[in-house]
Amino acid sequence: MKALRWTIPFGIFVVLVTFLWVGLSRDPREVPSPLIGKPAPAFRLSKLQAPGETLGPADLKGSVWLLNVWASWCVSCRVEHPLLVQLAQENIVAVYGLDYKDKPDDGREWLAQHGNPYTASIVDRDGRVGIDYGVYGVPETFVIDKMGVIRYKQIGPLTDEALQDQILPLVRQLQQ
Amino acid sequence: MIPELGHFALILALLVAIVQSTLPLAGAALGAPRLMALARPAARVQCFMVVLAFVCLATAFAGNDFSVQNVAANSNSQLPLQYRIAATWGSHEGSLLLWTLMLGVWTCAVTLFSRHLPPAFLARVISVMGLVSVGFLLFLLLTSDPFDRLVPAAAEGRDLNPLLQDPGMVIHPPMLYMGYVGFSVAFAFAIAALLGGRLDATWARWSRPWTTVAWSFLTIGIALGSGWAYYTLGWGGWWFWDPVENASFMPWLTGTALIHSLAVTEKRGAFKSWTVLLAIVAFSLSLLGTFLVRSGVLTSVHAFATDPARGVFILTFLALVVGGSLALFAYRASKVGLGGVFGVVSRESALLANNILLIVAMATVLLGTLYPLFLDALHLNKQSVGQPYFDLVFPMVMAPLVFLMGIGPIARWSHAALPDLWTRLRWAFGVALAVALVLPFTLGRWSPWVAAALFFALWIATSSVVNLGARLAHSHRSGLLAKLAANSPSYYGMLLAHLGVAVFIVGVTLVKGYEVEQDVALQPGQNVAVGGYEFRFLGVHPGPGPNYRAVTGTVEVRRDGRLLETLHPEKRIYNASGQTMTIAAIDVGVLGDRYVSLGEPLADDNPSGPWAVRIYLKPFIDWIWGGALLMACGGLIAVTDRRYRLVVRRRSASALAGAAVAASAD
Amino acid sequence: MMALMARAALAVWLLAGAASATTTDPPSPGADVPGMSALDIRLKRLESELRCLVCQNQTLADSNAGLADDLRREVRALALAGKSDDDIKAYLVARYGDFVLYNPPLKPVTWLLWFGPFALLLGGGAIWWGVLRRRLRAAGGGASDAGATRDERARKLLDDDD
């Protein structure tokens, strides 16, 4: 049909607007992790509260665990911290902390002040382990399964919805 | 008081704009002269109201009224006056008010320079521009009110972003918006033509000067933004293919196609539907740019603070305005019919290729800019599309067009012959090729890319010379000056603008091909050799500024032992925000810049120790902005052509009326 | 084929850029400090193709963010350990995804991006040809001739000789 030619610009525009509309609900700054479904990168770091001892993902095989990246200088961490403290009290899953680019003294003091939900925290002074895990902002939280495979990454502070709708159901599923 | 007055002025402007956008339109449809006559006064009153609102906001900024939320967030009492006023448009709300102001000013200009337009047509034009005004005023009043009060008032403002405390901020946004918004006139003319069912050469002649002036402003605006980034960001870059830069470049590409398409419609009566479509697309891209910057769908250094509600509003507005226009186009354009006839080799076919190639270039930029969003919306693997992609793809897409620039102006209308074109252009081709192959050797190093790009630039220049030469040779007048005077400003505008493109290409090519960067640690007293120059760092000394503390370095530039220039790069820490700015020092030259900026002190914040110093040699970089300036001047010269002058028009009004009637009988 | 051409073009471009810095010139007499080493120049070019993940609109070369410092340190360590540019990019992509590359890799999800412009050029050419053919076919009609003469008169009155 000859007349169809004239509607092409309109058609292209409709497609464009549809994409822009969907785009409004997406966050262009969020960097999705390529590590989902891959084994958690190995590390061996000393513990924050027990500097003589070390910890690595190999030690934690056999159970589901959360790795929460935090720091004493991180403001948003204070927002999510009460949720972590409460989560630790509920004893559903072990939470390990990665004290990212922090002075150990500052980290210990911060935990003393705000509460310590972590089964253990490890110190990543130069951020190398953070880079291995694709950390680009603090806080971030990883869900790691019994085989040591990363299953989920929360970018930014934990929220109630994220915990209730995504993280905890996943944890329960992985624990079976 | 004054902010409330400004707010009230905006409300009044909205009410008047509603009248402006509905009654004249109805009058044109019904043939009611009284309703149509409302267009001019309504537009002028609306413009006055917006000007009033803008003056109120600027007064609040100038007077440090920190009880206004916008002023408190974007200004500071230590800020020098010119930047306090520039801060009026330094925020989302303020820049939106500037947009609306520009729209009012352009509409007012249309009411002033439109004696020759039929009342129904003018009524439609003013109404369409009024509709756009309604959209922006609603946006301002509903989601982005610059006059919101802060209770209790702040004692001091949070300061304008240091990056914006610069003369560039004073002039770049106004120029840019004059361009963006100016395309609304071409848009309104196109819609009015579609609504009235009349699309002919006369319509093109009316549209052309408006479009060309808007295009010239946009050219200047983009060039200013690029130059400003160059000297203010500290690392010598001048174009990053950032989404917001692309958002200004796409209307420019489409606008370029539009001014050429209008030429064909005016002179040959052809390309009518193309021209109308281009006018719609150019302004749509202006609106799309507004959306991209303010909605948060793309990350950009230029993006304003985002809010989902604003994004939804603009997108809805965009969908209605652009969707409506394209639907109208689909419905009405088919009835316009075919224009003139022309052969495969002719100026028309070259200009048709020009249209298409510029649209392809625009679509390429659009593709690259929106691709990350496109993938993200489909929940696919997120990609980044940056400078490496655009720098590779864009020149390839533009190359055929640049080649055509040598052929189009010299081809005859309607029917031209390839052998004839070849005969006329072969010397131009040969000279361009020969010089392009040899020139890179003289600049230090041969490279196929540089030679190829130089060929295209020289090709434009040599073919323009051949064009002018042929004109002078065939002129019936005697004496060089008389022969030159026989050509119209429109012709010289074209030559100058095309030469501007050639100059621009030379600048880009030589900078990218031969620029040198050295990032070195220097103790005070040490020097480093960069590309035949010697740079000696003489340490830093502190100094205060109006609203910042500065550390100023001294670098001497020598060539062959002779001191050329002493440069003073700075590092500033702004008092109010604590932000650090790197101010480069540039020794500007026609054949290249020597660019120095300070990095960080390397000895634990000890300023008397060694510093990281960045030194750049940027050959021919000012040709980039020089070329853009030539383009803009070409456009403005073309507009002075007597075809568009009102005085001449009144004298030959009867003759033109006859032609208009004859042409409109199509 | 296209991918090969694109890569070849890219390689030539990069080579042209590589030769642009005077890396092999010895320091001039009287210069206290040598220019950047070949490694520094290579790293700078590589880092200007990588995206800073924190201030997301700057290259890794230009960003002042803490993470950018850390990543530049990692990149340098990898380069000193003998890794190629491709290895270093793969290292970063394994941790941060393709997002970290400003030069999108050629893979099925980016075919439209890389081939799109050339497809648009070809499409544009097809449209150009199509429009011309339609005009030539319409040249047979008498109506356009009448239009042409009317236009001729109008043009003369408008005094156009360009």
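Given the structure is predicted, the values throughout are model-derived calculations rather than measurements. Below, chains carry the letters A, B, ... as their sequence lines are ordered, and counting in each starts from 1.
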Where on [X] is there a heavy atom nearer than 4.5 Å to chain A: the side chain, the backbone, both, or neither?
| X | value |
| --- | --- |
| B:Ile280 | neither |
| B:Leu298 | backbone |
| B:Val312 | both |
| B:Phe291 | side chain |

Donor-acceptor list for residues 46-54 of chain A side chains, cut-off 3.5 Å, not counting sequence neighbours:
unit_1, atom_1, unit_2, atom_2, d
A:Lys47, NZ, A:Glu53, OE1, 3.1
A:Thr54, OG1, A:Arg44, NH1, 3.1

With sequence neighbours excluded, give me every ring pair (Phe, Tyr, Trp, His ring centres under 6.0 Å) pair touching residues 355-378 of chain B.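 Every ring pair (Phe, Tyr, Trp, His ring centres under 6.0 Å) pair that includes a residue of residues 355-378 of chain B, provided the two are not neighbours, is A:Phe19-B:Phe374, B:Tyr371-B:Phe374.
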
If I measure from the heavy atoms of chain B, does A:Ile8 come under 4.5 Å with its side chain, its backbone, both, or neither?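 Neither part.
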
Which residues, numbered in order, of residues 247-256 of chain B come under 4.5 angstrom of chain A by heavy-atom distance?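 From residues 247-256 of chain B, none sit under 4.5 Å of chain A.
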
Would B:Arg294 and B:Ser144 count as having a side-chain donor-acceptor pair, cut-off 3.5 Å?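 There is no such pair (donor and acceptor under 3.5 Å, judged by atom type) between the side chains of B:Arg294 and B:Ser144.
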
With a 6.0 Å cut-off on the ring centroids, do [X] and [Y] count as close?
| X | Y | result |
| --- | --- | --- |
| B:Trp241 | B:Tyr389 | no |
| A:His81 | A:Trp110 | yes |
| B:Phe139 | B:His92 | yes |

Out of B:Asp376, B:Thr299, B:Leu373, which one racks up the most heavy-atom pairs below 4.5 Å with chain A?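 Highest number of pairs under 4.5 Å: B:Asp376.
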
Can you confirm whether B:Leu287 sits close enough to B:Phe136 that some side-chain heavy atom of one is under 4.5 Å from a side-chain heavy atom of the other?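 The answer is yes; the side chains approach within 4.5 Å.
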
pair B:Thr275-B:Trp203: side-chain heavy atoms closer than 4.5 Å: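 In short, these two side chains touch, coming nearer than 4.5 Å.
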
Quick one: of A:Val31, A:Leu20, A:Leu16, A:Val22, who has the most non-hydrogen atom pairs under 4.5 Å with chain B?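 Greatest number of close heavy-atom pairs with chain B: A:Leu20.
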
List the atom pairs, with distances to 0.1 Å, where a side-chain N or O of residues 157-167 of chain A and a protein N or O form a donor-acceptor pair under 3.5 Å, not counting sequence neighbours.
unit_1, atom_1, unit_2, atom_2, d
A:Thr159, OG1, A:Ala162, N, 3.1
A:Gln166, OE1, A:Tyr152, OH, 3.4

